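Working notes, structure below.
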Amino acid sequence: EYADPWSDPRLAEFVLAIPPHLVHRLAEPKRLVRRAMRGIMPEPARLAAQKIEPHALFDRGYREQEQATLLELTTNMEAAARGFVSGGLMSKLFEIDPRSLAACRVAVGLILIVDLGIRGSSLAAHYGDAGVLPRDLLGDALSGTWRWSLHLLSGSTEFQAGLFIVAALSAVCLTLGLFTRWATALCWILWVSLQTRNPLLLNGGDVMLRMLLFWGMFLPLGAVWSADARRTAGDRPAVPKIASAGISLQVCWMYWMAGYFKIGGGWLDGSALQEILQFDFYARPLAHALRGQPSFVGGLGYGTVVLELLGPFLLLLPVRYWRIRMIVIAAFALLHLGIELTLTVGQFSFVGWAGLLLFVPGPVWDRWLPNRGGPPAGVRRITDPSAGGWPQSLIRTGLNGCLLIAVACGAYFNLSAIGRPNEATPEFGPARRLGELFFWDQRWDLFERPPRPDGWYVVVARLSDDRTIDLLRDGAEADWD
């Protein structure tokens with residue numbers, strides 16, 4: 001029979017009958033209980049001033065005594081059979097609609113085309129040996145690492161222009177869904193190669209873009225809304241389920257860690273955001289207008305942290321909760337819109353929008369674009385297992401293992417930063433080398449604290465009439481204030 005001793009009226013009457021100074025003293029909390037346990041409990045435990053948490057005992061018990069039980073529950077879906085969890089939810093946790101993949105593919109391709117055009121306008125200055133970062137200078141920084149770059153094979157402007165043209169053509173094929181898997185792989189190779197050639201030009205958007213391209217190589221980006229879908233017929237080849245989990249978690253990691261780094265940095269009270277909006281190197285005109293609204297900016301800062309920490313969990317909700325998921329997608333989209341309107345952050349906001357397209361659930365596409373590439377047209381869900389003999393099974397198992405390593409490395413680079421907000425990611429040999437080789441390394445301390453020092457670049461030119469203009473601002477008058 002269940003009985004709660006704290007609800008026994010006799011216990012309450014007994015304690016109330018004792019003079020208070022005998023029950024509790026400031027220097028000796030729980031005095032009566034401690035004295036009653038004298039000779040029964042070990043003295044260190046009886047006299048401990050703080051509560052003892054049993055977490056270490058639980059952890060030891062799980063690892064040493066109940067590990068087999070936990071493994072059985074999680075791998076054989078015994079938990080679902082006993083009604084503890086939903087088996088359907090577990091199997092569809094990272095399911096991505098093919099139309100969402102196609103939308104993300106088009107967005108990423110367009111971002112690449114525009115970005116290559118912008119970078120190409122300063123081709124010689126940024127990527128040639130006559131520019132700001134010659135190859136011999138960069139080689140010293142890359143020595144001892146596993147970084148690589150095709151752009152380092154030659155420092156001539158003509159060679160760099162040729163690689164840019166190949167990258168642009170690959171991006172066009174990716175956008176159109178023409179030879180999609182090969183185009184995705186070539187885009188990833190040339191994109192990470194370009195990043196290695198001049199790391200001074202990178203920001204968080206570049207890192208996320210290369211991760212989307214990496215996982216995209218193993219996903220059916222061209223299953224619908226593509227030239228490939230028009231050229232081929234029949235069932236689409238399935239891909240490892242871990243690939244859909246990897247790209248979904250990658251987007252979530254960015255938000256989770258960005259929110260984590262903002263805790264304690266003045267974001268919860270809005271002071272950090274207020275200072276960032278005053279940083280002239282990034283600030284746009286709208287940022288200047290918000291400087292006089294401290295209460296509003298404070299609410300934005302607090303809401304940003306909450307959204308980044310909790311929102312990704314809601315993005316992973318099953319499809320049947322598509323309304324909640326769409327609300328969260330809209331909130332993140334507005335967050336990126338606010339960033340784009342107030343701060344100069346390159347293509348970061350656009351890459352963020354592209355990543356959010358992955359989470360648009362099927363029912364939304366069914367409402368917006370009925371009979372336009374959905375599953376009824378014969379496209380297999382990406383989480384379905386593929387058929388085949390032992391060669392296909394062996395290849396699939398090996399690929400799953402490699403992708404699982406990629407997921408683990410991504411988790412390592414993010415989780416190892418916890419507790420080290422101002423330190424570089426600790427070095428673990430294999431993970432570090434794999435991160436350098438495949439460009440998995442990442443750190444999402446985005447505007448963790450207001451940057452220092454403040455200011456902006458001015459390139460002054462003197463005209464024939466003795467006027468001075470700023471070449472970086474389309475010939476406007478040089479502004480030093």
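Along the sequence shown, the residues carry numbers beginning at 1. The shown structure was predicted, so the numbers you read here are calculated from the model rather than taken from an experiment.
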Strictly distance-based, threshold 3.5 Å: is any side-chain N or O of Thr184 a donor or acceptor partner for the main-chain N or O of Met217? no
Is any side-chain heavy atom of Glu275 closer than 4.5 Å to one of Phe279? no
Taking the six-membered ring of Tyr412 as reference, does the cationic atom of Arg432 (NZ for Lys, CZ for Arg) lie under 6.0 Å from its centre and within 45° of its axis? no
Any donor and acceptor pair, going by atom type alone, linking the side chain of Ser193 with main-chain N or O of His151 inside 3.5 Å? yes
So, the side chain of Lys262 versus the backbone of Phe447: is there a donor-acceptor pair under 3.5 Å, distance only? no
Any side-chain heavy atom of Leu212 within less than 4.5 Å of one from Gln250? no
Look up atom CG in Leu437 and atom CH2 in Trp146, then write down how far apart they are to the nearest 0.5 Å. 6.5 Å
Below 30° counts as parallel, above 60° as perpendicular, anything between as tilted: where do the rings of Phe438 and Phe214 land? tilted
Quick one: pull up OH in Tyr255 and CG in Leu315 and give me the separation to the nearest 0.5 Å. 7.5 Å
Between the side chains of Asp228 and Arg105, is the shortest nitrogen-to-carboxylate-oxygen separation below 4.0 Å, so that they form an ion pair? no
With heavy-atom distances below 4.5 Å as the criterion, would you say the side chains of Tyr127 and Phe164 are in contact? yes
Test your reading of the model: is there a side-chain donor-acceptor pair from Thr342 to the backbone of Leu286, 3.5 Å cut-off? no
CG on Asp366 to CG on Asp97, rounded to 0.5 Å: 7.0 Å
Short question: side chain of Gln195, backbone of Leu201 - any donor-acceptor pair under 3.5 Å? no
CZ on Phe348 to CH2 on Trp353, rounded to 0.5 Å: 11.0 Å
Chi angles and distances behind the ring pair (Phe, Tyr, Trp, His ring centres under 6.0 Å) call for Tyr260, Trp253: CA-CA 10 Å; Tyr260 165 76; Trp253 278 126; over 10 Å; no
So Pro363 and Val319, do their side chains get closer than 4.5 Å, heavy atoms only? yes
From Trp188 atom CH2 to Leu174 atom CG, the distance as rounded to the nearest 0.5 Å: 15.0 Å
Do side-chain atoms of Asn198 reach the backbone of Leu133 as a donor and acceptor pair under 3.5 angstrom? no
Tell me if the centroids of the rings in Phe413 and Trp444 come within less than 6.0 Å of each other. no
Does the side chain to side chain donor-acceptor pair (under 3.5 Å) test come out yes or no for Trp365 and Ser100, once each step is laid out? CA-CA 8 Å; Trp365 296 117; Ser100 299; 2.8 Å; yes
Would you check if the distance from the ring center of Phe359 to the ring center of Phe332 is below 6.0 Å? no
Decide yes or no for Ile247 and Phe94: does some side-chain heavy atom of the first lie under 4.5 Å from some side-chain heavy atom of the second? no
Tell me whether Arg284 contacts the main-chain N or O of Leu341 through its side chain, where contact means a donor paired with an acceptor under 3.5 Å. no
For residues Leu358 and Ser248, determine if any side-chain heavy atom of one lies less than 4.5 Å from a side-chain heavy atom of the other. no
Flag the pair Leu150 / Leu190 as yes when at least one side-chain heavy-atom distance between them is below 4.5 Å, and no otherwise. yes
Indicate whether the side chain of Ser271 and that of Asp269 have a donor and an acceptor atom separated by less than 3.5 Å. yes
Less than 4.5 Å apart, side chain to side chain, heavy atoms only: is that true for Trp215 and Val251? no
Working to the nearest 0.5 Å, report the span between CD of Glu448 and CH2 of Trp267. 11.0 Å
